[in-house]
Novice: 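First the structure, which I've put down as structure tokens, then a few questions once you've had a look.
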Amino acid sequence: MCGRYVMARAAGDLVRLGGGMLPDETLELRPNWNVAPTADVPILLERAMDGDGAGASGGGEAPDGEVRRELHVARWGLVPPWAKELSVGSRAFNARSETVAQKPTFRAAVRSRRCAVPVEGYYEWKKPEPGAKGADGKAAEKQPFYVHPAGAGDGEGPVIWFAGLYEWWQDPEAKAAGEDAWVLSTSILTMAAPNMEAEDPLLAELGELHDRLPVPLGAEAMARWLEPGKLGSAEEAELLVDEVCAQAYGVASGWRLRPVGSAVGNVRNNGPELIEEPGEVQERLL
DNA sequence: CCAGACGTTGTT
DNA sequence: GTCTGG
DNA sequence: CCAGACGTTGTT
DNA sequence: GTCTGG
């Protein structure tokens with residue numbers, strides 16, 4: 001699954017990597033090595049220019065029918081339109097691919113508002129084997145790992161694009177007060193992790209790490225996933241979800257993972273040192 | 001009919 | 001144990 | 001996801 | 001908004 005990740009790139013990098021999309025004018029991104037639910041994160045979405053043609057963000061006129069990729073900032077944790085409070089989103093930062101087309105919280109978004117969430121890598125906490133003991137004889141503690149694209153030097157190289165959803169929400173109180181306070185929010189899809197016995201060693205590692213996997217998009221799947229327009233039915237949405245899940249392990253097999261220090265557990269800690277492998281000395285001291 | 005939930009993870 | 005905040 | 005709070009009255 | 005449980 002995915003409940004914590006790294007996104008330290010500049011918006012300009014994401015524009016380049018995502019394929020010439022226009023950054024939202026309001027886009028302000030701070031490097032973040034410890035992105036947690038409720039944080040503001042960049043998302044990539046496609047929008048069909050229609051009607052007034054007055055492009056609201058970042059780039060002047062566009063003829064009707066043109067599809068644009070745009071980078072926006074969203075709150076991580078999808079807030080459905082009917083929510084009474086923003087906090088509803090803090091428990092919807094992942095959406096199960098198996099049920100996303102049926103769940104009240106996600107089903108409208110999966111038909112009409114799909115996006116891609118760029119990450120440089122994500123964290124996963126591996127549970128100790130039951131009864132496992134640490135060096136001190138006490139119960140072993142969960143171990144955080146950093147999962148990232150192979151060969152990605154820190155701050156360079158490819159990013160992972162996770163399949164995501166977005167939704168717009170207006171605070172009922174703001175609405176009553178006649179204010180124009182809309183919140184864009186997002187969620188990341190998950191699926192079953194690869195089997196621990198998988199032939200591909202990296203997939204086997206992922207299977208041992210956790211039983212859920214955030215769904216990564218290859219270039220082709222991303223193009224399909226982002227296509228704007230409302231899908232005709234929940235069944236149609238399920239087919240598209242199945243399609244992207246079918247290519248996910250192929251993308252994930254190009255990842256690598258490494259153990260990192262326990263500091264990442266606390267969201268107050270934030271810096272490039274979080275993704276460094278702890279040295280042996282440090283490990284002994286822990 | 002109204003009231004209340006609407007989610008994921010993991011653990012037992 | 002369970003919920004909220006980051 | 002993990003960490004940290006989990007309560008009241010009243011006062012600054 | 002829409003579904004489920006009572």
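Each chain gets a letter, A, B and so on, in the order its sequence line appears, and its residues count up from 1. Keep in mind the model is a prediction, meaning the values are calculated, not measured.
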Novice: Could you point out which residue of A:Tyr123, A:Tyr122, A:Trp76, A:Phe162 forms a ring-ring contact (aromatic ring centres under 6.0 Å, His included) with A:Tyr5?
Specialist: A:Trp76
Novice: Would you say A:Asn266 reaches D:dG4's phosphate, i.e. side-chain N/O to OP1/OP2 under 4.0 Å?
Specialist: yes
Novice: At 4.0 Å (heavy atoms only), tell me whether A:Trp125 reaches a base, stays on the sugar-phosphate, or touches nothing.
Specialist: sugar-phosphate
Novice: Give a yes/no verdict on base stacking between B:dC6 and A:Trp82: centres under 5.5 Å, planes within less than 30° of parallel.
Specialist: yes
Novice: How is A:Phe106 classified with respect to the nucleic acid when contacts are heavy atoms under 4.0 Å: base, sugar-phosphate, or nothing?
Specialist: sugar-phosphate
Novice: Provide the distance between the two P atoms, one in D:dC6 and one in B:dG4, to the nearest whole Å.
Specialist: 26 Å
Novice: Can you tell me if the side-chain N/O atoms of A:Thr190 get under 4.0 Å from OP1 or OP2 in B:dT9?
Specialist: yes
Novice: Please state how far atom CD in A:Gln170 lies from atom P in E:dG1, giving the value in whole angstrom units.
Specialist: 13 Å
Novice: Find the distance A:Leu86:CG to C:dT4:C1' and express it as a whole number of Å.
Specialist: 13 Å
Novice: Taking any heavy-atom pair under 4.0 Å as a contact, classify A:Ala92: base, sugar-phosphate, or nothing.
Specialist: nothing
Novice: For C:dG6, take OP1 and OP2 only and decide whether either is under 4.0 Å from a side-chain N or O of A:Arg75.
Specialist: no
Novice: How many Å lie between CD1 on A:Ile188 and P on B:dT9, as a whole number?
Specialist: 12 Å
Novice: Report, as yes or no, whether the 6.0 Å neighbourhood of atom CD on A:Glu273 holds more than 12 heavy atoms from other residues, nucleotides or ligands.
Specialist: yes
Novice: If pairing requires Watson-Crick or G-U wobble contacts with both distances under 3.5 Å, which nucleotide is the partner of C:dG6?
Specialist: D:dC1
Novice: Within the 4.0 Å heavy-atom criterion, would you say A:Thr38 contacts the bases, only the backbone, or no part of the nucleic acid?
Specialist: base
Novice: Taking A:Arg9 first and then A:Glu120, would you say they form a salt bridge - that is, a charged N and a carboxylate O separated by under 4.0 Å?
Specialist: yes
Novice: Tell me: CG of A:Asp40 to P of C:dG5, nearest whole Å?
Specialist: 16 Å
Novice: Decide, yes or no, whether a salt bridge links A:Glu98 with A:Arg212 under the criterion of side-chain N to carboxylate O below 4.0 Å.
Specialist: yes
Novice: It should be established whether A:Arg96 places a side-chain nitrogen or oxygen under 4.0 Å from OP1 or OP2 of nucleotide B:dT8.
Specialist: no
Novice: Just how far, in rounded Å, is C1' of B:dT8 from NZ of A:Lys103?
Specialist: 10 Å
Novice: How is A:Arg107 classified with respect to the nucleic acid when contacts are heavy atoms under 4.0 Å: base, sugar-phosphate, or nothing?
Specialist: sugar-phosphate
Novice: How close or far is atom P of B:dT9 from atom CD of A:Glu124, stated in whole angstroms?
Specialist: 10 Å
Novice: Any luck finding a side-chain donor-acceptor pair between A:Asn269 and A:Asn34 under 3.5 Å?
Specialist: no
Novice: Taking CD1 from A:Ile275 and C1' from D:dC1, how many angstroms apart are they, rounded to a whole number?
Specialist: 17 Å
Novice: Can you tell whether the side chains of A:Arg47 and A:Glu70 come within less than 4.0 Å, N to carboxylate O?
Specialist: yes
Novice: Measure the distance from NZ on A:Lys126 to P on B:dT9 and round it to the nearest whole Å.
Specialist: 19 Å
Novice: Looking only at atom P, what distance separates B:dT12 and D:dC2, rounded to whole Å?
Specialist: 15 Å
Novice: Think A:Lys84 has a side-chain N or O under 4.0 angstrom from the OP1 or OP2 of B:dC6?
Specialist: no
Novice: Please work out if A:Asp211 contacts a base, only the sugar-phosphate, or nothing of the nucleic acid, heavy-atom cut-off 4.0 Å.
Specialist: sugar-phosphate
